[in-house]
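Order of the sequence lines fixes the chain letters, A, B, ..., with proteins taken first and strands second; residue numbering starts at 1 for each chain. Computed from a predicted model, the values in this text were never measured in an experiment.
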Amino acid sequence: MIAEVIVDIAAYPIDKPFDYVVPKEMEDIVEPGVRVKVPFGNRKLLGFITEIKDESDLNIVKLKQIEEILDITPVLTKEMLEMADWMKNHVLCFEIDALFAMLPSALKAKYERVIRLKDRSRLVDSEAQALFEKREAIPLHDVTSMKLLSILKKYSEEGIIEVETIVKQKTSVKKERILTIQSETEISKLLSLLSPQAKKQKELMDWMIGHAGEILSAKYVLESTGVQPAVLNAVIEKGAAITSMEEVYRDPNIVDLGDHSVPFQVTEEQAKVMDALMKEKDQPATFLLHGVTGSGKTEIYLQMIQDVISRGKEAIVLVPEISLTPQMNSRFKSRFGDLVAVMHSGLSAGEKYDEWRKIQRGEVKVVVGARSAIFAPFTNLGVIILDEEHESTYKQDDTPRYHARDIAIWRSQYYSCPVILGSATPSLESYARASKGVYRLLTMKERANHHPLPAVHVVDMRDELKNGNRSMFSVDLADAVRKRLERKEQIVLFLNKRGYSSFVLCRDCGTTVQCPNCDISLTYHRASEVLRCHYCGHEEHVPTNCPECSSEHIRFFGTGTQKVEEEVSKLFPGARVLRMDVDTTRQKGAHEAILKDFGDGKADILLGTQMIAKGLDFPNITLVGVLTADTTLNLSDFRAAEKTFQLLTQVSGRAGRHDKPGEVFIQTYSPEHYAIQHAKNHSYEPFYRQEMMARKQYEYPPFYYLTLIQFSHEDLMKVSEYAGKTVEWLRQRLSDQSAVIGPTAAAISRVNNRYRYQCLIKYKKEIGLTETLQQLIKMYRTEWLKTGLYMTIDMDPSTIM
DNA sequence: AGCACGCCGACT
DNA sequence: GTCGGCGTGCTC
């Protein structure tokens with residue numbers, strides 16, 4: 001019996017199945033999808049069996065044997081193996097990268113090199129003797145002395161010791177000691193034998209009598225009685241309880257926001273949507289659910305899932321980043337209880353692994369999670385939902401560069417189940433597909449509770465400046481804030497911070513302090529009083545004089561949330577402010593805590609960045625202020641207008657969701673821009689039409705597909721040379737239907753002392769593109785890589801900056 | 001990717 | 001004479 005194995009090395013010549021002989025005793029256990037430990041060259045590697053066959057094309061005597069099987073049941077399903085095969089061509093990644101993307105990181109291998117003693121009698125060196133005094137094997141990592149290392153090297157050649165690779169799983173199953181308490185009569189008997197000095201043991205046994213026959217965790221017993229572990233061990237030793245180790249799940253403890261969700265009475269619009277969904281509930285159809293903020297998309301999801309579960313099937317719900325939307329999370333938990341697993345970046349590797357196993361074992365029916373949850377190992381999917389489908393976080397920005405939407409559609413075809421893409425502001429791509437009938441368009445124009453959408457005011461900050469207001473609050477917004485503070489209503493202030501963090505600027509010569517390794521300004525971090533580069537991590541102290549002109553007029557500039565917070569407390573003394581940004585949410589559970597405090601009315605103002613734009617739903621929010629709408633607008637990216645529109649619409653939707661009417665102020669330096677004007681009017685369709693015209697004119701998606709190829713090299717001449725060479729090479733091979741743009745220097749032209757260039761392929765239909773690009777990769781891997789050039793290909797870039 | 005094999009310069 | 005530099009080639 002022969003097994004085809006994909007091994008744990010992401011490199012061009014290794015990216016194919018290798019044949020191994022299956023030892024007789026393993027024949028019953030091996031099957032595609034199990035992880036194995038295999039010899040590879042002179043080392044040991046983890047690998048995945050992808051196929052079992054009777055014969056190999058290679059000479060059987062050359063084949064090595066599988067050394068160990070790491071799973072009793074396969075970790076990869078047949079579906080995943082098929083999906084990996086499709087994925088590697090679709091996103092141009094190595095098969096092993098695709099496979100690992102589908103599994104929790106806990107199942108990756110941890111490699112450890114160990115020196116094992118073979119022949120103690122020939123161990124003559126005293127240092128080496130000391131090393132192996134008590135042990136037969138020691139981790140190679142522990143040997144740091146160069147002298148000892150060279151002695152060991154000699155021993156290894158003489159066969160006295162042997163270097164061995166240990167393949168370990170990163171995180172394992174958590175086990176807990178479980179006690180089965182004996183019967184009352186049994187314990188009483190033991191009590192009578194107890195020495196009178198053993199007061200603590202008596203105390204514990206007395207407690208146990210009250211819990212006779214129960215099965216409890218050792219941890220629980222210790223906590224309830226307060227005795228020392230040694231006392232418990234003594235009592236167990238005497239036979240008062242039987243112990244065993246049992247597998248337990250780590251508890252990612254979800255904050256219950258007290259939002260006990262019951263199915264709502266659906267509105268007429270919702271009922272129509274449900275009807276349409278039900279008609280094709282076992283078709284591999286993709287629906288685009290376009291519903292204004294507050295129209296009750298979540299309720300649609302919940303009822304759809306309810307139906308799916310009742311038919312014995314499973315559901316995947318993707319949210320942009322679950323730890324950012326605890327309200328959604330809590331709503332699913334309260335509706336479906338233990339049938340829900342959560343998967344998000346806030347969980348530890350162990351917690352993720354446990355949630356994954358719950359899914360694999362069929363103990364849960366619903367998974368709510370971020371991007372990677374799209375690979376949840378369900379085997380009978382009934383629906384896949386992508387909430388806020390326009391979010392760019394659904395696209396992975398490093399290998400494998402997949403888009404969760406594409407994976408969702410692939411899986412929906414495999415299981416013949418629907419995909420629901422939900423958004424108040426669909427991506428142009430999805431809306432265009434829906435318009436063409438590729439997706440089914442479902443629309444909800446009204447808020448479920450019939451409350452009107454908030455009134456949006458656009459404030460021209462140029463006028464403010466003219467009138468001598470240099471603060472970041474316009475007169476109108478400041479007035480509106482004061483009014484809410486008086487009325488004890490809540491306010492959300494949104495700072496559109498991307499690409500606009502604080503930097504240090506010299507007021508005399510205009511110099512900003514740059515990173516020495518990258519072509520970008522350093523960011524000022526108030527907490528640690530340092531300047532940091534977000535690309536390479538370089539750190540330096542804040543200078544007291546300008547590095548260029550030595551002027552003392554150098555200070556940090558820009559509008560970070562901290563700065564806004566200061567201004568708020570100056571402008572509105574007494575207002576209680578909660579700040580939510582990367583700094584205040586670094587700790588686990590901090591998001592939930594901040595939102596809970598705000599929901600409980602412990603603050604008047606919630607101040608934050610992107611992360612507060614979504615999912616907030618508190619009845620007392622009646623005012624939303626967008627301090628700077630322009631920052632995303634000015635990005636040199638073809639999606640800048642779309643992103644701005646989406647963001648403004650999302651934040652606006654936070655106001656007046658319940659009984660009290662809401663109001664929104666958008667401050668901007670370009671009030672006439674169509675993205676801002678359409679956001680003001682809550683009008684998606686007109687925005688869509690206008691943006692589509694721009695995309696058509698400039699030949700961008702959804703009219704053209706994009707492929708972005710990026711290059712980097714320490715030598716500026718080399719990058720530009722290879723980028724140019726690539727562009728030429730591609731132009732020769734691609735049809736005249738496609739355009740190759742570039743080469744151009746990247747927006748950030750240097751990162752970590754490597755110069756960056758890029759080129760862009762625009763195409764409508766290019767039949768041999770994948771093959772051509774694979775040839776390019778081959779050329780890069782075999783020839784260019786040696787010169788120090790790096791190249792990456794993104795088949796569907798979320799940004800071309 | 002990592003490691004062995006292999007052919008040329010500065011040291012005990 | 002040997003130790004070690006990293007070019008090249010292979011891994012079932």
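- Spacing between atom CD1 of Ile96(A) and atom P of dG2(B) amounts to 14 Å, rounded to whole angstrom units.
- For the salt bridge (Lys or Arg N to Asp or Glu O under 4.0 Å) criterion with Glu247(A), the lone passing option out of Lys175(A), Arg357(A), Lys358(A) is Arg357(A).
- Applying the 4.0 Å criterion to OP1 and OP2 of dC12(C), one finds that Lys62(A) has every side-chain N and O outside that range.
- Here the rule is side chain to side chain donor-acceptor pair (under 3.5 Å) with Arg532(A), and of His538(A), Glu539(A), Glu540(A) only Glu539(A) fits it.
- For the pair Lys762(A) and Tyr700(A), the cation-pi test (distance below 6.0 Å, angle within 45°) is passed.
- Residue Pro13(A) is classed as a base contact, given a heavy-atom separation below 4.0 Å to a base.
- One can place CG of Leu63(A) at 9 Å from P of dC12(C), the figure rounded to the nearest angstrom.
- Straight-line distance from the CD atom of Glu783(A) to the C1' atom of dG9(C): 15 Å, rounded to whole Å.
- Residue Asn42(A) places at least one side-chain N or O under 4.0 Å from the OP1 or OP2 atom of dA4(B).
- Checked against Glu67(A) for a salt bridge (Lys or Arg N to Asp or Glu O under 4.0 Å), the options Lys44(A), Arg35(A), Arg43(A) give a single hit: Lys44(A).
- Regarding Tyr12(A), its OH atom lies at a distance of 15 Å from the P atom of dT11(C), rounded to whole Å.
- Heavy atoms of Tyr20(A) sit under 4.0 angstrom from primed sugar atoms or phosphate atoms, though from no base atom.
- Between Arg43(A) atom CZ and dG2(B) atom C1' the separation is 4 Å, expressed in whole Å.
- One interatomic measurement links the two molecules: CG of Asn59(A) to C1' of dT11(C), which rounds to 16 Å at whole-angstrom precision.
- Rounded to whole Å, the distance from CG on Leu58(A) to C1' on dC10(C) is 14 Å.
- Computed from coordinates, the Ile14(A) CD1 to dC12(C) P distance equals 9 Å when rounded to whole Å.
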